[in-house]
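One structure below.
A note on names: the letters A, B, ... follow the listed sequences, proteins ahead of strands, and every chain is numbered from 1. Note that these values count all heavy atoms, side chains included, but never hydrogens, waters or copies made by symmetry.
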Amino acid sequence: MTQTTLPPTEKTQPVSAPRGSISDRSRAERKLGWLLAGPAFVVMLLVTAYPIVQAVYYSLFNYRLTDPDNRSFEGLGNYWVILTDGVWWQAILVTVIITVVTVAVELVLGFALALVMAKALSSIRPVVRAAILIPYAVITVVSAFAWQFAFRIDTGFVNSWFAWLPGVSDTTDWFGGQASSLFVICLAEIWKTTPFISLLLLAGLAQVPDVLQEAAKVDGATWWQRMWRVTIPNMKAAIMVALLFRTLDAFRIFDSIFIMTAGANNTESVSFLAYRQTISRVEIGLGSAVSVLLFLSVVLIAFLFIKGFKVDLAQARGER
Amino acid sequence: MSTKEKTWWWVGGVLIILYCLFPIAWIVSLSFKTTADLANKSFLPSAWTWENYSTILTGTASDLFLPALRNSFGICLIATAISCLLSMFAAYAIARLDFPGKKLILGTALGVAIFPVISIVTPLFNLWRQIGLYDTWPGLIIPYLSLTLPISIWTMSAFFREIPWEMEQAAQVDGATTWQAFRKVIVPLAAPGVFTTAIIAFFIAWNDFAYGISLTSTSAARPVPAALGLFSGASQFQDPTGAIAAAAVIVTIPVVVLVLLFQRRIVAGLTNGAVKG
């Protein structure tokens, strides 16, 4: 398949001073730079790097908060317990299903929203833009409650509205089984986060050069051809950034599950499992091990994206 | 564009608006239902009532909701202010100065942004208990910085890169003092970026649930989302649905007001930070 992109624009590299001899001015600039940016940098490290190191340390112990005297070194024992337990793999499965389903739907839906916003007439555009920010800005917990109440047997209206669908009746208990619970959870997540994706894609759409569109039009390309051969290849970077951020975000899902099912009917995500071990069961050792594994999963996903799909954040930001 | 095409894009726009506002309309409608009406299986209440609002503002649930509202505002505003102040300096350095480590700082911010919150909660839960920060305002403000700082640094440095800094020198050439040039030229140019970043950081802090539910235990520091999550567990009143809906509407009002007032800036901030950085 041929793809039409503009040739890379040649930029002259800035010529820097010869190495080895740093001028006083640049040394002063260096110092000032770190002086200004240093505090933010240190705070970021303190609030993340330090806790994760601490978590790695705790994860090597059998340590229960209600029984601190019996703290004992376990080595990798906690990891063995987790990785041989079906609960962990169930949580991974649920998390992966939610991630794949929501990100796939959000990408398609978000692209459609971005196209409409790009074309929306100026009379209606400010209203659309304000509306699209509402799901983004609403607290996740509030959105989870809204969807839960809508689907619940007692307070909901969904059953009576959709009674004409096969399988839906007045007594359909959406939160009674795994598949239907996950369906509602995904729906709530998709509603809340699609607008963010569509805003990123809209910014990507704006970066597609008009000349290419015009040229393809003159050459007689159909709307569909222009979409696949011109628009999408040219905004690949924006799509990848949106995908990367949303995948990592979806993988950490916690709030919606806590509110809607609290992990009932095998709907526990990895984050929820870590929370339950640590906060509810005060198994600091086991909970820390789950947290470390969650962290490693996120690192792995980011690594796969950046190496596998060649997501170049610098390129996406138009630096090259 | 032909009239027919225009109509279709217009219909598309209206569909988006409906999509975005429907769940909000539902929770508002729910908050006005009477207890007997909650299970009426229809979207709208058959009789409108303020009952749920009085429950959470003056009634039985007010001692759960009002302190939470105060905590949420206080903690989120302080966390936003600190992260804006820190990232203002960092973004200035990244946008204006040439020093090695710029990439390291932006990369670290990105790493922190994708960090799973729950992985921080576990060790903090234990540490905070030992050093007495559990269930206090600072105990939430500090971890909130891990949510707000990265996006503040990215968004603000994207804004600062677009400022024509030469104007500062130009003003000085025209006879302004350094301080005057900074105050009269740079501050007005930088203020919108700082302001927009503050709004986005506030949204993120306001949205937090994982820290709020894990690192607090009483109304001393518990923020609204965590309090909402616990409404269902508390048996202080029979059916919490109406009260939860009313509380949900109240905490949604501030963000809706911010969105309506500053929508254009928020969109610019969100896309700049992610796409241009």
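I120(B) has its side chain out of reach of V47(A): every pair of non-hydrogen atoms, C-beta onward, lies at least 4.5 Å apart. You'll find the side chain of L97(B) reaches within 4.5 Å of the side chain of L36(A), heavy atoms only. Between L270(B) and L133(A), some side-chain heavy-atom pair lies under the 4.5 Å cut-off. With contacts defined as side-chain heavy-atom distances shorter than 4.5 Å, the pair I17(B)/V128(A) qualifies. Between I139(A) and W206(B) the shortest side-chain heavy-atom distance falls below 4.5 Å. Under the 4.5 Å side-chain criterion, counting only non-hydrogen atoms from C-beta, T241(B) is in contact with R152(A).
With a threshold of 4.5 angstrom between heavy atoms, S214(B) approaches chain A through its backbone and through its side chain. For I259(A), the part lying near chain B is the side chain, with the backbone staying farther off; criterion is any non-hydrogen pair under 4.5 Å. Using a 4.5 Å cut-off between heavy atoms, Y136(A) touches chain B through its side chain atoms alone. Both the backbone and the side chain of A150(A) come within contact range of chain B, judged by heavy atoms closer than 4.5 Å. Proximity to chain A is limited to the side chain of I153(B), based on heavy atoms less than 4.5 angstrom apart. Contact of V138(A) with chain B is made through backbone and side chain together, with heavy-atom distances under 4.5 Å. Interface remark: L201(A) contributes no atoms to any contact with chain B (heavy atom separation under 4.5 Å). Residue contact with chain B, scored on non-hydrogen atoms closer than 4.5 Å, involves the backbone and the side chain of L32(A) alike. Both the backbone and the side chain of F209(B) have a heavy atom closer than 4.5 Å to some heavy atom of chain A.
Interface check for chain B: of the options I153(A), V292(A), T278(A), the most heavy-atom pairs under 4.5 Å are formed by T278(A). Of all the listed residues (F251(A), F272(A), Y275(A), Y57(A)), the one sharing the greatest number of non-hydrogen pairs under 4.5 Å with chain B is Y275(A). Highest contact tally toward chain B, considering only P39(A), S297(A), S288(A), is held by S288(A) [criterion: heavy-atom pairs under 4.5 Å]. Here F149(A) is the residue among F149(A), F258(A), F254(A) with the most heavy-atom pairs under 4.5 Å with chain B. Interface check for chain B: of the options L248(A), T48(A), L35(A), L115(A), the most heavy-atom pairs under 4.5 Å are formed by T48(A). By number of non-hydrogen pairs under 4.5 angstrom with chain A, the leading residue of Y92(B), F22(B), W8(B), F262(B) is F22(B). Ranked by heavy-atom pairs under 4.5 Å with chain B, the first of F41(A), Y50(A), W191(A), Y58(A) is W191(A). The candidate with the highest count of non-hydrogen atom pairs below 4.5 Å against chain A, out of A245(B), A109(B), P254(B), A91(B), is A109(B).
Summarising the geometry of V142(A) relative to I27(B), their closest heavy-atom pair is O-CD1, 4.4 Å, with the distance given to 0.1 Å. Residues A131(A) and C20(B) come closest through the heavy atom pair O-CB, 3.2 Å. Annotation for P23(B) and W147(A): closest pair CG-CZ2, 3.6 Å, computed over non-hydrogen atoms. I105(B) approaches M44(A) most closely through the heavy-atom pair O-CE, 4.1 Å.
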Applying side chain to side chain contact (heavy atoms under 4.5 Å, CB included), run through I124(A) and V14(B) and close with a yes or a no. CA-CA 8 Å; I124(A) 197 178; V14(B) 172; 4.0 Å; yes
Step-by-step side chain to side chain contact (heavy atoms under 4.5 Å, CB included) determination, F125(B) to I284(A): CA-CA 9 Å; F125(B) 175 70; I284(A) 302 291; 3.9 Å; yes
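In the displayed structure, W161(A) atom CH2 is contacted under 6.0 Å by more than 12 heavy atoms of other residues, nucleotides or ligands. The environment of F89(B) atom CZ is sparse: at most 12 non-hydrogen atoms of other residues, nucleotides or ligands sit within 6.0 angstrom.
Proximity of the aromatic rings of W26(B) and F157(A) is defined here by a centroid distance below 6.0 angstrom, and this criterion is met.
Distance check, rounded to the nearest 0.5 Å: CD of Q54(A) to CG of N126(B) gives 7.5 Å.
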